[in-house]
Novice: 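Okay, handing you the structure first.
Values in this document were obtained by computation on a predicted structure and should not be read as measured data.
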Amino acid sequence: FLEEGGIYLSEEKPSHYMSEIKSYCRQGGLTFAAGTPKISFAEGRCLGGGSEINGGLYHRPPEQILTQWAQDFAIKDIGKAELAPHSIWVEEQLHIKDVQSPNNIASTRLQAGAQALNWHTVAVPQWFRDDGASPQKSSISHTLIPKIIDLGGKIHHKTWVKSIKKTNQKWTIYSIQNGVKKEFESTSVVLAGGAIQTPALIKRSGLFKLKPHLACHPMGKVMAQFSETVQHANDPTTIGNIQVKEFDGQYTLGCGVSHKGFINQAASLYSDSEAQINKNWQTHAIYYAQVSGGSRGRIFNLPFTKDPFV
């Protein structure tokens with residue numbers, strides 16, 4: 001198992017503080033996609049990937065997406081019914097359970113506002129175990145990777161894969177581990193580098209030509225002020241689980257990270273009221289609107305850096 005980033009096996013739910021983001025994410029969470037406008041994004045780079053740092057919101061693949069994939073890429077047996085056993089297996093491994101209600105006050109407020117407008121909402125499951133005490137992270141590094149190790153698998157972290165090549169029935173993986181070139185051999189290879197690093201590796205390896213299908217779903221965020229407290233300093237839930245799906249396919253509304261650090265960061269945009277917001281941060285919450293954009297992007301490998309240009 002080759003991982004470019006480090007290993008961080010904290011049992012706690014992600015705090016989303018900057019120190020954590022700098023460790024878990026590529027370039028400290030400050031990567032961006034060039035275009036009009038430029039879009040910043042955080043890309044996980046650690047054992048377990050983005051599931052180690054994000055809110056752990058879980059959805060099964062939407063049926064309309066599966067239908068589109070089947071048509072566009074001639075994939076057989078990819079319908080909702082065919083994938084159901086695999087979805088169930090994933091949910092068992094990550095301790096996914098159906099939820100019916102909001103998990104914090106900010107979620108409750110979002111749900112109440114949506115219901116007042118007759119908008120459809122859903123309570124989204126998250127990959128966290130709740131054993132009665134504080135909820136514990138149930139990400140890949142805490143579920144499937146220990147099973148790999150128990151079966152004799154080895155984890156090589158701080159290992160960047162430069163390229164892969166197949167000769168006859170054998171794959172050779174060319175990598176750099178802590179500044180030293182290292183090669184691995186295998187009869188099969190699974191690429192799980194995400195929407196950017198996987199195609200970048202395919203391009204570096206010259207395996208086949210890729211079409212510019214990279215899609216971006218940008219988020220706009222707003223900070224809401226309430227007349228009562230909606231945040232608690234010791235609240236173990238950092239991201240609300242309610243999403244507004246009235247505009248599914250175009251827009252999704254949901255809860256962002258709203259602990260004190262993020263509220264203070266947002267307050268810096270309001271110089272006239274920054275001190276007052278920071279003092280009363282517990283009456284504020286951050287929400288987002290996610291847009292399913294129609295634009296498509298491309299990934300380029302540059303000769304002077306190992307990170308691709310988007």
Side-chain angles (χ1 to χ4, degrees), residues 1-10 14 17-35 38-54 137 139-216 297-310:
F1 196 106
L2 307 185
E3 167 57 50
E4 182 184 358
I7 300 176
Y8 309 98
L9 296 179
S10 170
Y17 286 112
M18 290 309 299
S19 58
E20 185 180 64
I21 293 174
K22 287 179 180 179
S23 298
Y24 283 61
C25 294
R26 184 178 303 277
Q27 298 179 359
L30 299 177
T31 43
F32 78 98
K38 297 181 178 66
I39 299 174
S40 63
F41 61 93
E43 181 186 4
R45 187 182 63 175
C46 61
L47 187 66
S51 68
E52 302 299 318
I53 188 64
N54 60 27
K137 186 160 51 179
S139 56
I140 299 298
S141 69
H142 293 81
T143 54
L144 296 177
I145 289 179
K147 294 183 178 182
I148 293 174
I149 295 174
D150 289 342
L151 293 171
K154 295 182 179 180
I155 308 296
H156 297 269
H157 68 291
K158 301 291 184 180
T159 303
W160 177 67
V161 177
K162 183 178 182 180
S163 63
I164 60 177
K165 181 179 179 180
K166 189 174 184 180
T167 304
N168 297 324
Q169 299 301 315
K170 182 179 68 176
W171 287 94
T172 302
I173 298 95
Y174 302 92
S175 69
I176 299 177
Q177 188 177 79
N178 294 316
V180 179
K181 292 183 179 180
K182 194 167 184 178
E183 295 183 10
F184 299 87
E185 292 184 348
S186 178
T187 55
S188 60
V189 172
V190 175
L191 302 184
I196 294 174
Q197 300 306 319
T198 293
L201 176 54
I202 290 173
K203 283 191 168 188
R204 288 197 302 269
S205 304
L207 294 181
F208 50 84
K209 189 175 181 179
L210 296 173
K211 295 181 180 180
H213 280 315
L214 182 68
C216 185
R298 302 181 68 181
I299 298 170
F300 299 91
N301 290 308
L302 303 178
F304 51 83
T305 176
K306 68 179 184 179
D307 287 332
F309 182 71
V310 181

Novice: If a pair satisfies side-chain hydrogen bond (donor to acceptor under 3.5 Å, both in side chains) and one of its residues is in residues 187-200, list it, with sequence neighbours excluded.
Specialist: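 Qualifying pairs, neighbours excluded: Glu43-Gln197.
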Novice: Starting at NE2 of His157, measure out to OH of Tyr8 and round the result to the nearest 0.5 Å.
Specialist: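 Answer rounded to 0.5 Å: 8.5 Å.
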Novice: Does any donor atom in the side chain of Thr172 or Glu183 lie under 3.5 Å from an acceptor atom in the other side chain?
Specialist: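 No - no donor-acceptor pair under 3.5 Å links their side chains.
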Novice: What distance do Glu52 atom CD and Ser23 atom OG have between them, rounded to the nearest 0.5 Å?
Specialist: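 The CD atom of Glu52 sits 12.5 Å away from the OG atom of Ser23.
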Novice: Grab the two heavy atoms, one from Pro199 and one from Gly194, that are nearest each other, plus how far apart they are.
Specialist: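 Looking at all heavy atoms of both residues, the closest pair is CD-O, 3.7 Å.
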Novice: Which heavy atom in Thr159 sits nearest to a heavy atom in Gln177, and how many Å separate them?
Specialist: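 Shortest heavy-atom separation between Thr159 and Gln177 comes out as OG1-NE2, 2.9 Å.
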Novice: So does Gly5 get a backbone contact from the side chain of Arg45, meaning a donor-acceptor N/O pair under 3.5 Å?
Specialist: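 Checked: no pair found.
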Novice: Hey, what do you get for OG (Ser139) to CD1 (Ile145), rounding to the nearest 0.5 Å?
Specialist: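 Answer for the OG-CD1 pair, Ser139 versus Ile145, is 8.0 Å.
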Novice: To the nearest 0.5 Å, what is the distance between OG on Ser175 and CG on Leu2?
Specialist: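 Answer rounded to 0.5 Å: 6.0 Å.
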Novice: Measuring from atom CD1 of Ile7 to atom OG of Ser141, what distance do you get when rounded to the nearest 0.5 angstrom?
Specialist: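 If I round to the nearest 0.5 Å, the distance is 9.0 Å.
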Novice: More than 12 non-hydrogen atoms from neighbouring residues, nucleotides or ligands closer than 6.0 Å to NZ on Lys170, yes or no?
Specialist: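 12 or below, so no.
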Novice: Going through the checks in order, is the side-chain contact (heavy atoms from CB on, under 4.5 Å) test met by Phe184 and Val161?
Specialist: CA-CA 10 Å; Phe184 299 87; Val161 177; over 6 Å; no
Novice: Leu207 vs Ile164, test: side-chain contact (heavy atoms from CB on, under 4.5 Å). Steps then yes/no.
Specialist: CA-CA 9 Å; Leu207 294 181; Ile164 60 177; 3.9 Å; yes
Novice: Identify the heavy atoms of Ser205 and Ser163 that sit nearest to each other, and give their distance.
Specialist: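 In this case the closest contact between Ser205 and Ser163 is OG-CA, 3.3 Å.
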Novice: Considering non-hydrogen atoms only, spot the tightest contact between Ile299 and Pro308 and give its length.
Specialist: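 Between these two residues, the closest heavy atoms are CG2-CB, 3.6 Å.
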Novice: Heavy atoms, side chains only, cut-off 4.5 Å: are Trp160 and Lys306 in contact?
Specialist: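 The answer is yes, as the side chains (C-beta and beyond) meet within the 4.5 Å cut-off.
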Novice: Using 0.5 Å steps for rounding, measure from the SG atom of Cys46 to the OH atom of Tyr24.
Specialist: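 One gets 6.5 Å once the value is rounded to the nearest 0.5 Å.
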Novice: A side-chain contact here means heavy atoms from C-beta on lying under 4.5 Å apart; do Phe1 and Ile149 qualify?
Specialist: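 No, too far: nothing below the 4.5 Å cut-off.
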Novice: If we check side-chain contact (heavy atoms from CB on, under 4.5 Å) with His156, which of these qualifies: Glu4, Glu3, Lys182?
Specialist: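 One option only clears the test, and that one is Lys182.
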Novice: Phe32 vs Phe309 aromatic rings, parallel, tilted or perpendicular, using cut-offs 30° and 60°?
Specialist: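 Rings of Phe32 and Phe309: perpendicular, over 60°.
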